[in-house]
Amino acid sequence: MQSKTLIVVVGPTAVGKTAVAIQIAQQFGCEILSADSRQFYKELNIGVARPSLNELNAVKHHFIAHLSIFDPYNVYKFEQDVLLLLDKLFEKDNIAVMVGGSGLYVDAVCKGIDDLPDPSPELRKQIIEQYEMEGIESLKKRLKELDPEYYSIVNLTNPKRLQRAIEVCETTGQTYSSLRKNMTHKRPFRIIKIGLNQDRETLYNRINLRVDVMLETGLLKEVESLYEYRYLNALNTVGYREIYNAVSGDISIEQAITDIKTNSRRYAKRQLTWFKRDQEIKWFAPTEFDLICQYLQSEI
RNA sequence: GGCGUCGUAGCUCAGUUGGUAGAGCAGAGGACUGAAAAUCCUUGUGUCACUGGUUCAAUUCCAGUCGAUGCCA
């Protein structure tokens, strides 16, 4: 029996992942899974650089525009969804390509993620309110009582880390640290990871240019049409919230555009920080398709 | 052409009553287990425009040069 292989393509935003993934999928005659936590949403298109219709038609894509911004979704569900789909795909294909820049989501598929509970919306709301009313010190105090072990290792200035740990402790009655196994789950398929990167200046030029193209193709209209939903998590996204800052009058539209570029560059940097520590990733320039193919052939 | 103001980090600027300098932004590095395009942490040495002069010591005072800018002609 031939072994099944998932080819994973990662890299910073705007580096050119989509084009390479499509080439690979065509080369191997397989389908593409997106691991981009914002391209999931059907309402978000221009601002999240969704692949064009031509690109989407060139190869069968999954997990693009399959959700609504109103749907609750998270990494764990994504992991489950991907594993289910791969089961099906591997019945007919030996290879599948997963492409995306959301590091946590990629890792959830490749290494697995602990089965922790979803918080109830009420509990989450309550914790957020506590943070907003009483500040981070009060969250720290609450976590210290619930889970001193995690308290001693967590970044105590990051409210979201504290919030999540409290959520898990309160819903399970157990400590977050005891439930976090952090084990690598065995997958019934091989994984080959390739990373795309290029020199910083070229990447940043591409990012800046892409924002300009987004504006030319109707970014403002798309973003403004979702204005009333700006508080949804899916819209807490580079390219959207800056424009909402301008619409609400806090900054000029020119400033918003500059901010989108700056924040996209920072996002790219964070992505690189995440992926750089993964020793399984083999890095290439986005133009080196032949080299990438050679590498994949030698590994498969 | 005359008079004035300015020339300090990639950018905007502060400052040194003479003892070689510091903020914001940009940038860089890092963390990351159900909101992850999220959230959080760390990080500032630069011919103080150039050439001379005064001085133990000049980025700081003086002169000249160059550049920018304003007003007057």
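Predicted, not measured: the structure shown is a model, and the values here were computed from it. Numbered from 1 within each chain, the chains take letters A, B, ... in sequence-line order.
One C1' atom belongs to B:G15, the other to B:A21, and the distance between them is 7 Å to the nearest Å. Taking atom P in both B:G18 and B:A63, the straight-line distance is 16 Å, to the nearest Å. Only the P atoms considered, B:U65 is 11 Å distant from B:C3, to the nearest whole Å. Across the P atoms, B:U60 and B:U43 are found 32 Å apart, a figure rounded to whole Å. Separating the P atom of B:G19 from that of B:U5 is a span of 23 Å, rounded to the nearest Å. To the nearest whole angstrom, the two C1' atoms, one in B:G10 and one in B:U20, are 22 Å apart. Rounded to whole Å, the separation between the C1' atoms of B:C11 and B:G44 comes to 14 Å. B:G46 and B:U59 have their C1' atoms separated by 11 Å, given to the nearest Å.
The two residues A:Tyr176 and A:Ala165 come nearest to each other via the heavy atoms CD2-CB, 3.6 Å. Scanning both residues, A:Gly112 and A:Arg187, for their nearest heavy atoms gives CA-NH2, 3.0 Å. The two atoms that bring A:Val48 and A:Tyr240 nearest to each other are N-OH, 3.8 Å, heavy atoms only.
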Mind listing the N/O atom pairs, protein and nucleotides 10-13 of chain B, below 3.5 Å?
none

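For A:Arg270 and A:Trp274, the positive end is not near the middle of the six-membered ring at less than 6.0 Å and at most 45° from its axis. Judged by the 6.0 Å and 45° rule, A:Lys140 forms no cation-pi pair with A:Tyr151.
Relative to the side chain of A:Arg241, the nucleotides B:U39, B:G34, B:G27 differ in distance, and B:U39 lies closest. The side chain of A:Ile113 lies closest to B:G34, out of B:A31, B:G34, B:A36. Picking from B:G27, B:A38, B:A36 the nucleotide with the shortest atom distance to the side chain of A:Asn233 gives B:A36. Of the listed nucleotides (B:A36, B:A38, B:G34), B:A38 has the atom at the smallest distance from the side chain of A:Asn236.
When heavy atoms are screened at a 4.0 angstrom cut-off, A:Tyr105 is found touching the sugar-phosphate backbone but no base atom. Residue contacts for A:Ser264: at a heavy-atom cut-off of 4.0 Å it reaches no nucleic acid atom on any strand shown. Using a 4.0 Å heavy-atom criterion, one finds that A:Gly47 contacts the bases of the nucleic acid, with or without backbone contacts as well. No engagement by A:Thr13 is indicated, since no non-hydrogen atom pair under 4.0 Å with the nucleic acid exists.
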Quiz item: side-chain hydrogen bond (donor to acceptor under 3.5 Å, both in side chains) between A:Gln294 and A:Asp290: does it pass, once the steps are laid out?
Solution: CA-CA 6 Å; A:Gln294 272 177 38; A:Asp290 292 344; over 6 Å; no
Practice problem: Evaluate the side chain to side chain contact (heavy atoms under 4.5 Å, CB included) criterion for residues A:Tyr229 and A:Ile69: first the C-alpha distance (whole Å), next the side-chain angles of each, then the deciding distance (0.1 Å), finally the verdict. | Solution: CA-CA 9 Å; A:Tyr229 310 119; A:Ile69 54 173; 4.1 Å; yes
Exercise. Before giving the answer on side-chain hydrogen bond (donor to acceptor under 3.5 Å, both in side chains), spell out for A:Asn54 and A:Ser52 the whole-Å C-alpha distance, their side-chain angles and the decisive distance to 0.1 Å.
Key: CA-CA 5 Å; A:Asn54 274 343; A:Ser52 68; 5.2 Å; no
Quiz item: When you look at A:Asp199 and A:Thr202, which way does the side-chain hydrogen bond (donor to acceptor under 3.5 Å, both in side chains) test go after all the steps?
Solution: CA-CA 6 Å; A:Asp199 69 88; A:Thr202 308; 2.7 Å; yes
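When the P atom of B:A36 is taken as reference, atom NZ of A:Lys111 falls 18 Å away, rounded to whole Å. In this structure, CD of A:Gln271 is placed 15 Å from C1' of B:A31, rounded to the nearest angstrom. Whole-Å rounding puts the A:Leu272 CG to B:C32 P distance at 16 Å. For the pair A:Phe40 CZ and B:G34 C1', the interatomic distance rounds to 12 Å; values are reported in whole Å. The separation between A:Arg265 atom CZ and B:C25 atom C1' is 12 Å, rounded to whole Å. Taking atom CG on A:Asp114 and atom C1' on B:G34, their separation rounds to 11 Å, with Å as the unit. Separating the CG atom of A:Asn205 from the C1' atom of B:A26 is a distance of 15 Å, rounded to the nearest angstrom. Per the geometry, CG belonging to A:Asp107 stands 12 Å off P belonging to B:A31, to the nearest Å.
Residues from residues 273-284 of chain A placing a heavy atom under 4.0 Å of any atom in RNA chain B, listed by number, are A:Thr273, A:Trp274, A:Lys276, A:Arg277. Against RNA chain B, the stretch residues 60-83 of chain A makes heavy-atom approaches under 4.0 Å through A:Asn74, A:Val75, A:Tyr76. Contact check of residues 152-171 of chain A against RNA chain B (heavy atom, cut-off under 4.0 Å) returns A:Asn155, A:Thr157, A:Asn158, A:Pro159, A:Lys160, A:Arg161, A:Gln163, A:Arg164. For the segment residues 116-149 of chain A, the set of residues with a heavy atom within less than 4.0 Å of an atom of RNA chain B comprises A:Leu116, A:Asp118, A:Pro119, A:Arg124, A:Ile128, in numerical order.
A salt bridge links A:Lys92 with A:Glu31; the closest basic N to acidic carboxylate O contact falls under 4.0 Å. At a threshold of 4.0 Å, the pair A:Lys141-A:Glu137 does not count as salt-bridged, since none of the basic side-chain nitrogens sits closer than that to a carboxylate oxygen. Classification of A:Glu122 and A:Lys125 as a salt-bridged pair fails, no side-chain N sitting under 4.0 Å from a carboxylate O. Here A:Asp212 pairs with A:Lys261 in a salt bridge; the nearest charged N to carboxylate O distance falls below 4.0 Å. Using a cutoff of 4.0 Å between basic side-chain nitrogens and carboxylate oxygens, A:Glu224 and A:Arg230 are not scored as salt-bridged.
Look at A:Arg200 and you'll find a side-chain N or O under 4.0 angstrom from OP1 or OP2 of B:A28.
Within a 6.0 Å radius of NZ in A:Lys144, other residues, nucleotides and ligands contribute 12 heavy atoms or fewer. Within a 6.0 Å sphere centred on CG of A:Leu84, heavy atoms belonging to other residues, nucleotides or ligands number more than 12. Around NZ of A:Lys221, the count of heavy atoms belonging to other residues, nucleotides or ligands within 6.0 Å does not exceed 12.
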Self-check item: Dot-bracket summary - RNA chain B, pairs being Watson-Crick or G-U whose distances fall under 3.5 Å, with | when paired to another strand
Solution: (((((((..((((.....[..)))).(((((.......))))).....(((((..]....)))))))))))).
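There is no path of hydrophobic side-chain contacts, each under 4.5 Å, that joins A:Leu56 to A:Val213. Cluster annotation: A:Leu44 and A:Tyr227 are assigned to the same hydrophobic cluster (Ile/Leu/Val/Met/Phe/Trp/Tyr, side-chain heavy-atom contacts under 4.5 Å, transitive).
No hydrogens or angles were tested; on distance alone, nothing pairs the side chain of A:Lys269 with the base of B:G27 as donor and acceptor under 3.5 Å.
For the pair A:Val238 and A:Tyr176, nearest-nucleotide mapping onto RNA chain B gives the more 5' position to A:Tyr176.
B:G34 has its base syn relative to the sugar, with a glycosidic angle deviating from 0 by at most 90°.
Taking the six-membered ring where tryptophan is involved, the planes of A:Tyr295 and A:Phe284 are tilted, since the angle between them lies from 30° to 60°.
Between A:His62 and A:Phe40, the ring centre distance reaches or exceeds 6.0 Å.
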